[in-house]
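Below is one structure, written out as structure tokens, with a few remarks after it.
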Amino acid sequence: MKRGRIQELIAFWCLRMAIVIILAALGSIIWFLGKNGLSILSWEFLTEPPREGMTEGGIFPALVGTCYLVFGAIIWALPLGVLAAIYLTEYTRQGKVIRVIRLGINNLAGVPSVVFGLFGLTFFVIYLGFGVSILSGSLTLAFMILPTIIRASEEAILAVPQTFREASFALGATRWQTIYKVVLPQALPGVLTGSILGIGRAAGETAPIIFTAATFYTPHLPRSIFDPVMALPFHLYVLATEGTHLEKTLPIQYGTALVLLGLVLGINLVAIVWRARLRRKKKW
Amino acid sequence: MVKEDLKIIVEDLDFFYGGLKALDGVNIQIPERKVTALIGPSGCGKSTFLRVLNRMNDLIPGTRLEGKVLIDGHDIYADNIDVVELRKKIGMVFQKSNPFPKSIFDNVAYGLRIHGSKDRVILAEIVEESLKRAALWDEVKDDLKRSAMELSGGQQQRLCIARALATGPEILLMDEPASALDPISTAKIEELIREFKEHYTIVIVTHNMQQAARVSDYTALFYLGKLIEFNVTEEVFTRPSEKQTEDYITGRFG
């Protein structure tokens, strides 16, 4: 065999091995959680609060709490992110200032989540006096996913062909009319699916909500946005580290992890399927 | 030279993209309700010139303009000019048909709606009238809710023409409107242009010299940003007064 051919073969097998290792890691996590957690999954597990010092019962308040936090984060981050992206792409001349702003946003994406948590604690919880609450937690999560949303929105907006804008301007539309009536409707699917991927990440984060929103245990569901909530990642963390009956809560831990994983994968799957369908429908 | 009523008068126009001079000392008088063709090799400035007339170049950062562009006697680059009003008066059709990914109806009604028309009856009337003028009505009247993206290339371009007509312009700017179309669709567009000059002042950029000869009353030849020759089309094509014009129309360059 020629030398080039052998190199080719080695390179190909290295690439193939990399994929196998990644898939194996992912597969074993899912298999491991499934094996240990699947047995406890039931309708009651999802719809009942914990009992007997968390050793029995379900995870209902945590599930609901996570949904509240994620929903809250979307409500803050989506409009803010989309408006920022519109400003960056449509209203400014591409220059030094924009490059610095963009660099800042990208750096925001690299900030460790625990730093966001501490920021949320000092700013929202203490300084603004929101307390440990859904409000503080969702705002903190919103800041964390903002870079993802801004970048997804920018990409979606830039993908709208320039010819649409030209046609609109030539008909006498103002810049805002063009954005509002032509660019945004076209960009929206991309904005939303990109944002959902960011939101999936928010659902699984523990560090940002430990100090800002999560509570160890509440017997009832939150009554206002100023109430603290239980949340799936935090619940898991608590059971795994601070429980007095570690052995007894083990199945619940696996079940919680499985539900959390399912939730995040589910959110991402929705985004991916949705995006694929919209791409097929697009004609330009 | 031109003895018609004048619609557009351009005096000593220079245009720059950053440091690059794209138009150099252009003087031209474009007559009302006639078809004026702009010809010349790629990069000669004819499209830039077309976009000067409805200030589309404003959208490109770093461009600069000197000289005067008068439409109906008003300097359209004066400070008190409302660009939105100006563009309402000037329809534009682009090289590549660019209907919005909306319904046929919404495409044609777009210009009216952004200028504040809400009355459904009036909208429907103008949409129908515009589609008829663009010779598309008979092909689409059964389903105006259909997406414009489902139309053929030639139909899309006529839809874009209807969309431009709907706001009631006086001037139509056409940037190689048929260059991406098949011969039959091209013939339809050319026929429209001939009909339109009863109502509109038309300025059309074209690469196709037969097309310029077929549809236009006046022809302007641009070369390297300069207006080389401007005259009645027949004169330009049969008795060009400039050597460069003769070279270009006989295919010696460009």
Side-chain angles (χ1 to χ4, degrees), chain A residues 85-102 153-193 274-284, chain B residues 50-51 53-63 82-102 106-116 130 147-151 156-157 159-169 171-175 180:
Chain A
I86 291 174
Y87 178 77
L88 287 175
T89 52
E90 301 280 327
Y91 270 94
T92 51
R93 303 219 157 147
Q94 305 301 316
K96 224 177 231 165
V97 181
I98 292 304
R99 271 210 297 278
V100 171
I101 294 177
R102 212 164 262 144
S153 306
E154 272 194 285
E155 273 169 32
I157 289 169
L158 289 174
V160 177
Q162 192 61 24
T163 55
F164 290 168
R165 293 184 185 84
E166 287 189 337
S168 176
F169 286 128
L171 287 164
T174 61
R175 203 166 268 276
W176 174 244
Q177 283 171 328
T178 301
I179 291 166
Y180 179 69
K181 295 202 166 215
V182 177
V183 177
L184 269 192
Q186 290 313 299
L188 208 56
V191 170
L192 289 180
T193 51
W274 193 16
R275 184 161 59 189
R277 278 185 54 181
L278 288 164
R279 276 195 187 147
R280 262 205 306 277
K281 262 169 66 182
K282 223 182 272 182
K283 292 245 167 62
W284 36 269
Chain B
L50 194 75
R51 285 158 170 265
L53 300 179
N54 66 344
R55 295 188 54 171
M56 282 298 273
N57 289 325
D58 289 14
L59 303 171
I60 307 168
T63 56
D82 181 355
V83 182
V84 167
E85 280 304 310
L86 175 79
R87 295 201 183 121
K88 211 169 122 184
K89 211 162 94 172
I90 305 175
M92 190 166 202
V93 178
F94 296 82
Q95 181 174 1
K96 197 171 162 281
S97 62
N98 54 357
F100 300 124
K102 301 171 184 280
D106 287 346
N107 261 281
V108 183
Y110 182 85
L112 297 163
R113 285 186 173 139
I114 57 171
H115 297 301
S130 305
S147 166
M149 300 321 233
E150 291 168 24
L151 299 174
Q156 286 191 5
Q157 193 60 304
L159 180 68
C160 292
I161 292 174
R163 182 176 66 185
L165 297 181
T167 52
I171 298 171
L172 267 187
L173 306 177
M174 307 182 113
D175 192 356

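Lettering follows sequence order; numbering is per chain, from 1. In this text, all values refer to a predicted model and were calculated from it rather than measured experimentally.
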I'd like to know if the side chain of B:H115 reaches the main chain of A:L171, judged simply by a donor and an acceptor atom lying under 3.5 Å from each other, with no hydrogens or angles considered. yes
So, does B:D175 use its side chain to make a donor-acceptor pair with the main chain of B:Q95 at under 3.5 Å? no
Under the salt bridge (charged side-chain N to carboxylate O under 4.0 Å, His left out) test, which residues partner B:R113, sequence neighbours left out? B:D106
For B:N54, give me all partners under side-chain hydrogen bond (donor to acceptor under 3.5 Å, both in side chains), at least two apart in sequence or on another chain. none
Name the region of B:R51, side chain, backbone, both or neither, that has any atom closer than 4.5 Å to a heavy atom of chain A. side chain
With only heavy atoms counted, which part of B:P99 is less than 4.5 Å from chain A, the side chain, the backbone, both or neither? backbone
From the list A:S168, A:P185, A:A173, the residue making the most non-hydrogen contacts under 4.5 Å with chain B is A:S168
Does any backbone or side-chain atom of B:I90 lie under 4.5 Å from a heavy atom of chain A? Answer side chain, backbone, both or neither. backbone
Under 3.5 Å, is there a donor-acceptor pair between the B:S97 and B:Q157 side chains? no
What part of B:K89 is in contact with chain A, defined as an atom under 4.5 angstrom from a non-hydrogen atom: side chain, backbone, both or neither? neither
Does any heavy atom of chain B fall under 4.5 Å from the side chain of A:R165, the backbone, both, or neither of them? neither
